[in-house]
Structure formats: C-alpha cells, structure tokens
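Notes to accompany the following structure.
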There are 2 protein chains.
Amino acid sequence: MRKANEHSPTKEKLLEMARQLMQTQGYSATSVDQICEAAGLTKGSFFHYFKSKEKLGKAVLDYYVLSSYQMILEAPFFKKKDPLHRLYGYLDFMVERFKDPANESNCLLGNFAQELSDTHPEIRTRCAGHFTHLAELFKKTLDETKASYAPEARLDTQSLSDHFIAVLEGSILLAKAKQDKGIIEKSLRHFKQYLKTLFEK
Amino acid sequence: MRKANEHSPTKEKLLEMARQLMQTQGYSATSVDQICEAAGLTKGSFFHYFKSKEKLGKAVLDYYVLSSYQMILEAPFFKKKDPLHRLYGYLDFMVERFKDPANESNCLLGNFAQELSDTHPEIRTRCAGHFTHLAELFKKTLDETKASYAPEARLDTQSLSDHFIAVLEGSILLAKAKQDKGIIEKSLRHFKQYLKTLFEK
DNA sequence: CATAATAAACCAACCGGTTGGTATAATAAT
DNA sequence: ATTATTATACCAACCGGTTGGTTTATTATG
C-alpha cells in the first residue's frame, strides 16, 4: 500500500496541469484527455484520482485560490505595521503579480465564475465563497486603516472590499481582451486615488 | 426569390435564441442543436445562415453590443445638457438596467471576453474593439464634464473610462457569482463617489 | 498476498458540420 | 399568361471525431 491517495505526487501533477490548461483555455475547452496527455498519464489514472471532471474542477479551483491566498499572506507588504501602507502594498502587489510575465495574467477564479455560474451551481457557490473570503482578507486591513486614519467617517468597508475585488477582476478581464496588462495598473491606480480621498484628507 | 438573406426573420430568430442561450450558458456550453431546437429549426437551416458556430458567435456578439449601444443612446439620461448630470445618469442607468429582473444581469460581451480570449483570437479582437468603443462613448461625457467642472485638473479620462468598464464588468461578475445584484449598485456608488471627488471639489 | 496505481481498450452520447434533397417563390422566356 | 429557370429556405439523415466516463487487466509496492 502506497501512502494515502490524498497527497500523491501524481494527483498533484494532474491538479497542476489542469490548473495551467484551465487557466488559459477555460473549463469547458479543456478536456480530460488533454490534461492526461499533459501529465503523461492515461484516463484510467485520472479517474482513479477524480471521480468526475466536475470534482476536478472544484479541486483545481480550491488549489488555485489557496495558492493565491498564501501568496498574499507571505508577501512582504503584508507584514507592514502601518495599515495604510499595507493597504497600498496590497494594490501594488496585485499590479506586480499580474504584470510579471512569469505569472499568468488570468484569474482562474474569475474565469470559473463567469463560465460556470449558470451551468454548474455547486462551482458557482464555491466561487462565491472564495470571493467572500478574499474580500474579507482585504477588509481586515481596510478596517484597521479606517480605525487609524478616518475613525469618524461613515464608510462601508464591506462594500468597499467587494468593490476592490470587482475592480481587480474587471481590469484583469479587460486587460486580457485588449492584451494590454497596463490596464490593470491604471485601473488600480484610480482605485488607490479613491482610497486616498477617503483616508488622506 | 425572397428578399436577401441579410434580414430574414428566421436568421433573426436564430440570433435571438443564440443570444439568450449563450448569455446564460456561455458559448461552449451552448450547442448548435440547442439553438436550433429553441428556434424550432433544424441544423441544415442553421448552417444555411451561418457558415460555422464561430461565425454565429461573432454575429451574436455584434448583435448584443449594438443593442446595448442603442439602449444607451436612446435612454433619457443621455439627452441631459449638464455633462455632470449625464455622467451620473450613466451610472444610474447601468444600475437600473442590471437590477431590472426583465433583463438578464449578465453581460454577453464580458462573458465572451473571459471565455474565448485565449482560444478564439478573432472573437477576442472583436471583444476588445467593442470594449474600446463603449469606453469611448463614456469618455465623451467624461471629457465634457472635465471641461466644465475641472478644466485645470490633470486627469487621464481615457484610463478613467477603462476603469469604468472594469468596475462595471467586475461587479457584474461578482453579482453573478454571489447571486446578489445589489453588489453592482454598491460598486457603482463607490465609483460615483470617486467621480465626485474629481469634479465637485 | 493484498492493495493501490497505472495502462489500454472500449463505450454511448454528443459535437460541429455535411449531405442530398424538397418546397417555395421570384425571374426570364415563350 | 404560361412555362421553364433559378436562387433561396429549409429539412431529415447522416458523418467522423471528441467527449466524459467505464471496464478489465497489468504492474508496483508494502
């Protein structure tokens, strides 16, 4: 008996290949055969680890979001003491992340949400949960900033966090269509400018 | 001989059905058979009007964007004299449009851009063109507003228009995933607040 | 030996697209 | 005005290929 199914390197490889393919081609356009070929495995092997393509989809989604989440938590900006600096660091980090040619300039989460929300309700729910989760992480820094820089202000940090996610996803989408990554930076700069008016009066 | 192929009611029906199906299910998840069944026609008929599914995709995209475009041009807000009021009218109009249960709260343009940019380069180009076109329309009002309310300001109305499109598309995406249309309104309210700081000092 | 991992062959359903053909109606020739 | 011609509109059946998924068997491994 080999070690448990859960963390097999083969499963990891299937996940990673699926992530790569689905991030660039989307879910529907990526076939199981394609994933198997990329991983140098056969379908029998694939269905040994994932009972269906949809289960794989969910796993890939979690896999992607978890890694994004960890990238943020481990990034240098996240350790900054001053919440306002940390807040701006957040934006700069995202700009750099999507500017870097080493990374894909796609968001698999946004991709899945757009493509599968109407046809795969369970995946839609999962996307919604991940969006909420990511917004909450941003909201923490936002709340700290508010407490320090604009404690009196009437400001809905919840909806502002959602707004941030929307700006990010929207600009990624636009950048992809126009093949111009600069759009992400410019759009986030406008968002930063908005934050400045809220916290630097 | 009936009148030319171009404006046949049958073709119109295929287009409209394709739009409906693709707007909710996406491009890949919508089969030609499905469209034919919805239109009460057969595949032979379909391929008489469209040489391929991709050609249909392009036609549906243009069909959707043209109607969106006309909705804006014909909306009451668009006739307002004061550019600032027209600018705000723009935002309110979008909020109402996507709040109304009669309309789909999806954007087919955003959907296609997300789903097909990497696999269908010609459709990607078309999406980019439409985005540019819509941004330019917004920019006109923006430029007028700037001229009247903040002529001295150093303000990149081009990138601000792109930012608007990004906010719109991003919030639509988020609203879809979370099944909460209120997100669009809240996000556009933040954007409006940002515009206020630029033009109402 | 028992169990998990991988492979190979296979399957029914479905995909986009083609075929050959018919019905219809406008045009041209008589 | 009647007929022959031609182009369009539409359909039912079908095609080869691909899809997600299964089955059965072989190979490793503990």
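Within every chain, numbering begins at 1; the chains are lettered A, B, ... in the order of the sequence lines, protein sequences first and strands thereafter. Keep in mind it's a predicted model, so treat the numbers as computed, not measured.
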Handout entry: Short side-chain N/O contact from A/His48 to OP1 or OP2 of C/dA5, under 4.0 Å
Key = yes
Exercise for the section: Using the test side-chain contact (heavy atoms from CB on, under 4.5 Å), find all partners of B/Lys58 that sit at least two apart in sequence or belong to another chain. Expected result: B/Glu54, B/Glu122, B/Ile123, B/Arg126
Practice task
Produce a footprint string for nucleotides 7-18 of chain C: one letter per nucleotide, 5' end first; B if the base is under 4.0 Å from any protein heavy atom, S if only the sugar-phosphate is, - if neither.
Solution key: BB------SBBB
Practice task
Hey, could you give me each pair passing ring pair (Phe, Tyr, Trp, His ring centres under 6.0 Å) that has a residue in residues 94-116 of chain B? Not counting sequence neighbours.
Solution key: B/Tyr27-B/Phe112
Practice task
Quick one: list whatever passes salt bridge (charged side-chain N to carboxylate O under 4.0 Å, His left out) with B/Asp156, sequence neighbours left out.
Solution key: none
Completion exercise
Whole-Å distance, B/Lys11 NZ to D/dT8 C1', equals 13 Å
Problem - Contact under 4.0 Å: A/Tyr49 side-chain N or O vs C/dA4 OP1/OP2 - result: no
Exercise for the section: Starting at atom CD1 of A/Ile35, determine the distance to atom C1' of C/dT6, rounded to an integer number of angstrom. Expected result: 17 Å
Completion exercise
With sequence neighbours left out, the residues meeting side-chain contact (heavy atoms from CB on, under 4.5 Å) with A/Thr157 are A/Lys139, A/Leu142, A/Asp143, A/Lys146, A/Leu155
Practice task
Return each pair, listed once, that meets salt bridge (charged side-chain N to carboxylate O under 4.0 Å, His left out) where at least one residue sits in residues 30-47 of chain A; pairs must be two or more places apart or across chains.
Solution key: A/Asp33-A/Lys43
Problem - Sidechain-backbone polar pair: B/Gln23 side chain, B/Asn106 backbone, donor-acceptor under 3.5 Å - result: yes
